[in-house]
Amino acid sequence: MSGALLPVYAQFPLRAVSGQGAWITDDKGEKWLDAYGGHAVASTGHCHPEVVRAISEQAATLIFYSTVLPHAGREQLADLIAESCPEPLKRVFFCNSGAEANENALGLARKVTGRQKIVSVSGGWHGRTVATLAVTDGAKYEDGARRAGMPLSVKVPFNDVAAISAAVDDTVAAVIVEPVQGLAGARDCSPDFLRAARLACDREGAVLIFDEIQCGVGRCGSFAAAEAFEVIPDVVTFAKGLASGLPIGVMVATPAMTANLKVGDLGSTFGGGPVPCAAGIATINVIRRERLIENAVMVGDRIRRAAEKIPAVQKVWGRGLLLGLQLDRPAAEVQKALFGLRILTGTSGDPAILRLMPPLSFSRNEANLLIDALRRVLS
Ligand SMILES: Cc1ncc(COP(=O)(O)O)c(C=O)c1O
């Protein structure tokens, strides 16, 4: 234990030493099944050999140079991301985290529209920078934004089509929404709600931002969740699983949004660094070659169908491998019981929702282990 470290999240009493695929090994040599995925980050599983090789080779070649020099890896990853996103989301900016990607998206929307007001969704979670705190739901986050003098967003009720349409007027710069709300419990927006957001933004000349930090990069049925919902935003942000665990954030925008950007308008010292980009290239290649998006859909459906048959599960939220099991009892108790069986899962902002976000490579056998354990602890 270090007395120097400030507390961040409530911790599992488990010291991870190594990881392979969906398994973590602790300091006593015990193996743990990871249905938490290092917080939805271990997209290709822990320590995928191709990702490890790409990171090692790049680190031995050139650890870092900033964007003041062009770099082949950065260009290749930008092309891969642009290729993976639906039209017209084709312009890519790299930074280092999810919050930073959202901060840039909100800033770009305000710059393009010349407006300030943002509309967000109740239960939405977008980060801990000042602008992202202001659009995140929850008193402690909003207080942080208030203390910094940042105007708060207007929050509309989740999945309320009429409310989102009414909230967007010609003073609104952007609507920011997670197609599947992560922290709220993998609550998936209805396609009608996202379509209403799209229509309202088009009607009033506002920008539609999808925060896909948690639900993107193949977790919910397509590389960009937007495609699975068949609603295309003006800006989408990714982070978490994009480089299998190396820090990365990305904002992808349309040419219309970025047409007037000049050299120096965007920037980041570390964003687009060679090592995270090498990890990102390997991650996308592995996702494609091993058909991990199809796997996430197939294994996610298997877990969903089995969970729906457990009487204690009242509803299954989410898509693909971002699932929220709404329970008839506190999720924290169930998480603890699963921990006793050496299975890691997540809780959420809703005390009754247990969150599952395993690697996209989670196998049928691993899903069966999880399902059997859920049946046991919920019986
Ligand atoms: C939907 C969503 N947006 C933004 C963030 C912030 O990402 P980061 O912690 O990388 O800043 C998170 C992190 O959990 C998230 O789930």
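This is a predicted model, so every value here is computed, not measured. For ligands, and for the atoms within them, numbers begin at 1 and follow the listed sequence.
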- Task: Report the part of A99 (side chain from C-beta onward, or backbone N, CA, C, O) that has a heavy atom under 4.0 Å from ligand 1; answer both or neither where that applies.
- Result: both

- For N102, the ligand 1 atoms whose distance to one of its heavy atoms is below 4.0 Å: 3 (N), 4 (C)

- Examine the proximity of ligand 1 to T132 and report which part, side chain or backbone, both or neither, has a heavy atom under 4.0 Å away. neither

- Message: Applying side-chain contact (heavy atoms from CB on, under 4.5 Å), can you list everything that pairs with V316, at least two apart in sequence or on another chain?
- Response: R304, A307, E308, V313, L323, L325

- Message: Within the protein, is there a heavy atom lying under 4.0 Å from atom 9 (O) of ligand 1?
- Response: no

- Message: Within the 4.5 Å heavy-atom criterion, are Y36 and T345 side-chain neighbours or not?
- Response: no

- Does Q181 come within less than 4.0 Å of ligand 1, judged by its heavy atoms? no

- Query: To which of G216, G98, P179 does the heavy atom nearest atom 7 (O) of ligand 1 belong?
  - Reply: G98

- Per-atom contacts, ligand 1 versus K240 - under 4.0 Å to a heavy atom: 13 (C), 14 (O), 16 (O)

- With distance as the sole criterion, is a donor-acceptor pair present between the side chains of K31 and T25 under 3.5 Å? yes

- Message: With respect to E178, determine whether any N or O atom, backbone or side chain, lies less than 3.5 Å from an N or O atom of ligand 1.
- Response: no

- May I ask you to identify, for H126, whether its side chain, its backbone, both or neither come under 4.0 Å of ligand 1 on a heavy-atom basis? backbone

- Note on the structure: One finds that the ligand 1 atoms under 4.0 Å from a non-hydrogen atom of Q214 are 16 (O)

- SB check D202 R198 (cutoff 4.0 Å): yes

- Residues forming a side-chain contact (heavy atoms from CB on, under 4.5 Å) with F270, sequence neighbours excluded: F64, N96

- Note on the structure: Ranked by distance from atom 2 (C) of ligand 1, the top protein heavy atom is W125 O, 3.4 Å

- Task: Please state whether the rings of Y9 and H39 are parallel, tilted or perpendicular, taking 30° and 60° as the class boundaries.
- Result: tilted

- Sub-4.0 Å atoms of ligand 1 with respect to non-hydrogen atoms of S97: 10 (O), 11 (O)

- Is D211 in contact with ligand 1, taking contact as a heavy-atom separation below 4.0 Å? yes

- Determine whether the side chains of E366 and W23 contain a donor N or O and an acceptor N or O closer than 3.5 Å. yes

- Query: Between F12 and W32, does the ring centroid distance fall short of 6.0 Å?
  - Reply: no

- Would you tell me whether S84 and R288 have side-chain atoms, one donor and one acceptor, within less than 3.5 Å of each other? yes

